[in-house]
Every structure is written in C-alpha cells, then in structure tokens.
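Everything below concerns the one structure shown next.
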Amino acid sequence: MREKLLEAVVREMQMGVVVLDMNKRILYSNPFFEKTFSLNGDLLHGMLTDDITDISLLEAIDKAISSGERQSQEITIEGKVRRIVEVRLVPVPLSGLGTPKGGFKDKQSRFQIQNPKSAIRNSMKVLIGFFQDVTEEKRVEAIKRDFVSNVSHELRTPLASIKGYTETLLDGAIDDKSTLKKFLTIIDRHANRMTTLIDDLLTLSMVESHQMQLKLEVIDIKGLISSVLQGFEKGARDKGLRLIMDIGENLSEVTADRGRLEQVIINLVDNAIKYTNNGEVRIAARREDNTIRVDIEDTGIGIPEKEIPRIFERFYRVDKGRSRELGGTGLGLAIVKHIIQAHRGQISVKSIFRKGTIFSFSLPLSHSP
Ligand code: ADP
C-alpha cells in the first residue's frame, strides 16, 4: 500500500525522476522525465546513454557514480521549444531505502535493512536523477533583468545630459545670459523626460500588477473621443495634419473605466500624430455585434512588418532616437494593451511601412468585473 502510494506520488510529480543502477541502466523513470526528453516506449532496463546525448549530463552522471557525491547541473534541451532543466543527481545506497520490519531500534540501525538479503543489498547503490524544468523562471528572470537595465539606461541618458550642461554652466558658461537660458531650457526638457518616464513606469507597474481596480461606469464614447480630440487639435494643425472623427450611427454607450479608456485613446492618437508627417489621422468608432470597435488610423511612417509582433513590448521602439526626440518612453503601447485586456477587450495593429498604421481595439458593451 505504502509503496503504491509512493509510486503514485512520483508518477504524478511535475518533475522528472529517473533511477539508474551503477551501470547507468534505467530502473525507474516517471512520465515527466520521459516528457522532458521526449522519450517514449519502454525505458525500463534500457541504458540511459541510448536515450540521452547531452555530454555535460553524461559527465555529471559518471562523476556522481565514481565519486558517490551529489552533482547539480543545468542543461539545455533543444527541440521545438528550447527548455532549460536543472538536474540534481543523488547517489543513494539501497540499504538506506528500506524500513526494517520490527521498526527502528536505535539511531544506528536506521540505515540497515534487517533481513537475510541485506548483505547483498547493502553494497548496492542507485543514482536518482531529478529534472526540474526552469524555462519559465529563467524567462521571467531575463525579463526582469532586461527591465532593470532598460530603466537604468533610460534614466541615465537624461541624467548625463543634465550633469553635462550643469557642469558647463558651473565652469563659467553661467555668466553668458543667452547660454544660461539655452542650457536651462535643455535641462528642463530632460527633467521633464524623466518625470514622464517615471509616471509611465508607475502606471505600467499598476496596470501590470493584476491589482488594477477598474472604476466601471457607463460612458458615452462619442463624447469621450471628441473631448480627447479637442486636446490634440492644435498639435495636429501645427503639423498640417487633418484630424477626422468618424462615429457610426448605431454607436451605443459602453461600460468602462473612463480615466483608463481616455488614457488608451490619448496614447494611440498621440502616437498617430507623432509618427505622421503629412496627411490625416482618423478616429472611427462603431458597434460590432456586442462590442464597440475603435480604429485610430494614420497616414504616417508605418511600422516595418517584422517589428509589428514586438510593438506592445515595454521599451520596444522601432526607431529609438526618433521616439526619444519626440518625447516617447516606449511604454505607451504596453500600458494600452494592459488596460484593454483588463476590460476584456482586444487590441490589434495593421500597418504598411511608409504608408500608415491602424490600431484597433474593441470593448465588450456590457462588462461584469
Ligand atoms: P513611444 O513612447 O516610443 O511612442 P509606444 O509604446 O507608444 O512608445 O510605441 C512603441 C513604438 O511603436 C514607437 O516607438 C514607434 O516606433 C511605434 N509606433 C507606435 N505607434 C505608431 C504609429 N501610429 N505609427 C508608426 N509607428 C508607431
């Protein structure tokens, strides 16, 4: 009964387990081990070396067998998806695995099997291998590392400029009034850039942590879009762009968080104007089945096809220099995507390089949080 129970536990574990004898013959393997190495068929009594070719793993197994010491190793398994697996190899004397029938008499007897066959079994050892798939943890670690290095880099650039201009002023340039004014204006711009970046980081961290509480209310989407567009009229006019609003007849109200939805529309219209040099920016809204669909379409620089899949990643920018020059942080679309997803909506993008881009999102009409 106890053995069956243990076997069931090992069989169901989400960690690969293999037991080898000292000749690397397989005495036991659980399904997760077989899945990890994409093995099928009867492995029992087969040689592990027939199935596994990873040199570093085979070396670690040899070392564990010859030294009798535990070994740890990280291996990469190439396949359809590349997997990273942490391996622990533990040599175990078989005599340690049994419990004597009459129970343990004292501490010393604990490691001795008290039956007639114990003499043979005492001298035997097995090697137990544990294989833990850590691909996901490694991926998350890499994302965190990238994020910290991106944030540091983004902050370092304006800080270095502020320091450079301040030092030049302190070195004497301060006495020239026109230089002073010019440099202070630049310092002010960089300080503003850092403030925007920190604001975007705080927003992103809030929308990414699933704690974002949506304050749902019934919203007249036409009114919301037209009030957002008013704020962009001057910017569009200064660039010679036409700003067009095209709202469907049958548009109904939508249940959403007003502030967040406004932020989505502002980000998308701001981008459309930023990345368009001539022509128009059109915002269309219409009802489609049980959703409201909003398209923000521009005749701008477009996005090269191969960049499109990465466009919603944090800090991803097609042209870093251009985005920075225009005051971008590379976080806007990541924020937009999270807000739309929090509303159980969908967002997509279509773009033709050098012709224009359409960002479209749809939101369910009624929404229960
Ligand atoms: P940014 O602050 O750089 O604008 P976003 O996250 O809002 O950051 O956008 C990421 C990148 O996507 C931009 O740097 C730009 O390369 C590209 N992009 C976004 N919207 C458009 C658009 N309407 N037309 C062309 N490229 C765009």
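Atom OH of Tyr165 is surrounded by 12 or fewer heavy atoms from other residues, nucleotides or ligands within 6.0 Å. Other residues, nucleotides and ligands place no more than 12 heavy atoms under 6.0 Å from the NZ atom of Lys35. The neighbour count for Glu3 CD, taken as heavy atoms of other residues, nucleotides or ligands under 6.0 Å away, does not exceed 12. Counting heavy atoms of neighbouring residues, nucleotides and ligands inside a 6.0 Å radius, atom CG of Asp238 exceeds 12 of them. Dense packing is recorded around CD1 of Ile247, with more than 12 heavy atoms of other residues, nucleotides or ligands lying under 6.0 Å away. Counted within 6.0 Å of CG on Leu202, heavy atoms from surrounding residues, nucleotides or ligands total more than 12; the atom is thus considered enclosed.
Put simply, the side chain of Ile128 does not reach to within 4.5 Å of the side chain of Val18, judged on heavy atoms. Using a 4.5 Å cut-off on side-chain heavy atoms (C-beta onward), Phe315 and Val151 make contact. With contacts defined as side-chain heavy-atom distances shorter than 4.5 Å, the pair Phe130/Val87 does not qualify. Met22 places a side-chain heavy atom less than 4.5 Å from the side chain of Leu127. By the 4.5 Å heavy-atom criterion applied to side chains, Leu229 and Glu233 are not counted as neighbours. Using a 4.5 Å heavy-atom threshold, the side chains of Ile75 and Ser56 count as touching. Looking only at side-chain heavy atoms (C-beta outward), Val92 and Lys125 stay at 4.5 Å or farther from each other. Considering only heavy atoms from C-beta on, Thr36 stays 4.5 Å or farther from Arg83 through its side chain.
With rounding to the nearest 0.5 angstrom, the CG atom of Leu261 is 6.0 Å from the NE2 atom of His343. Note that CZ of Arg193 is 9.0 Å distant from CG of Leu155, once rounded to the nearest 0.5 Å. Here the CD atom belonging to Gln71 is positioned 5.0 Å from the OG atom belonging to Ser67, to the nearest 0.5 angstrom. Rounding to the nearest 0.5 Å places CD of Glu297 at 10.5 Å from OG1 of Thr276. Note that CD1 of Ile198 is 10.5 Å distant from CG of Asp200, once rounded to the nearest 0.5 Å. Separating the CZ atom in Arg242 from the CG atom in Asn278 is a distance of 9.5 Å, to the nearest 0.5 Å.
The nearest pair of heavy atoms linking Ala64 to Pro91 is O-CG, 3.7 Å. Closest of all the heavy-atom pairs between Asp257 and Ile219 is C-CD1, 4.1 Å. Closest approach of Val318 and Pro304 over heavy atoms only: CG1-CD, 3.9 Å. Taking each heavy atom of Arg258 and Leu224 in turn, the nearest pair found is NH1-CD1, 4.1 Å. Across all non-hydrogen atoms, the minimal contact from Leu251 to Ala285 is CD1-C, 4.0 Å. Annotation for Ser351 and Gly356: closest pair OG-O, 3.2 Å, computed over non-hydrogen atoms.
Listed for the Thr255 side chain is no donor-acceptor partner under 3.5 Å among the backbone atoms of Val218. Panel note: side chain Asp220, backbone Glu253; no donor-acceptor pair is recorded below 3.5 Å. In terms of modelled atom types and a separation under 3.5 Å, the side chain of Lys350 and the main chain of Phe359 share no donor-acceptor contact. Under the 3.5 Å distance criterion, the side-chain polar atoms of Asp298 are matched with a main-chain donor or acceptor of Gly300. Listed for the Thr203 side chain is a donor-acceptor partner under 3.5 Å among the backbone atoms of Asp199. Without hydrogens or angle criteria, Ser38 side chain to Glu34 main chain gives no donor-acceptor distance under 3.5 Å. Using a distance-only test at 3.5 Å, with no hydrogens or angles considered, no donor-acceptor pair links the side chain of Lys215 to the main chain of Gly259. Put simply, the side chain of Asp133 never gets that close to the backbone of Val85: no donor and acceptor are under 3.5 Å apart.
A salt bridge does not link Glu249 to Arg286: none of the charged nitrogens lies less than 4.0 Å from a carboxylate oxygen. Under a 4.0 Å N-O distance rule, the pair Asp295/Arg293 qualifies as a salt bridge. Comment: Glu7 does not engage Arg2 in a salt bridge, judged by the lack of any side-chain N to carboxylate O separation of less than 4.0 angstrom. Residues Glu154 and Arg317 are paired through a salt bridge, judged by an N-O separation under 4.0 Å between the basic side chain and the carboxylate. In summary, Lys144 and Glu141 do not engage in a salt bridge, as defined by a charged side-chain N under 4.0 Å from a carboxylate O. Ion pairing between Asp146 and Arg314 fails under the 4.0 Å rule for side-chain N and carboxylate O. Looking at Glu59 and Lys63, no side-chain N of the basic residue comes within less than 4.0 Å of a carboxylate O on the acidic one, giving no salt bridge.
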- Query: Passes side-chain hydrogen bond (donor to acceptor under 3.5 Å, both in side chains), Thr291 versus Ser362? Steps please.
  - Reply: CA-CA 6 Å; Thr291 65; Ser362 55; 4.8 Å; no
- Message: Glu167 vs Leu169, test: side chain to side chain contact (heavy atoms under 4.5 Å, CB included). Steps then yes/no.
- Response: CA-CA 5 Å; Glu167 277 170 7; Leu169 286 177; over 6 Å; no
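Residue Leu333 is not grouped with residue Phe353 when hydrophobic side chains (ILVMFWY) are merged at heavy-atom distances under 4.5 angstrom, including chains of intermediate members. Under the 4.5 Å side-chain heavy-atom criterion for Ile, Leu, Val, Met, Phe, Trp and Tyr, Ile221 and Met245 are members of the same hydrophobic cluster.
Legend: residues meeting ring-ring contact (aromatic ring centres under 6.0 Å, His included) with Phe131, ordered by chain and number and at least two apart, are Phe33, Phe37.
Side chains of Glu280 and Thr299: a donor-acceptor N/O pair is absent below 3.5 angstrom, by distance only.
Hydrophobic side-chain contacts under 4.5 Å tie Leu326 into a cluster, directly or through other members, with Tyr275, Ile301.
Of the options Leu243, Ile244, Ile358, a side-chain contact (heavy atoms from CB on, under 4.5 Å) to Arg282 is made by Ile244 and by none of the others.
Sorted by first and then second residue, the pairs that involve residues 304-313 and meet side-chain hydrogen bond (donor to acceptor under 3.5 Å, both in side chains), not counting sequence neighbours, are Glu307-Tyr316, Arg310-Glu313.
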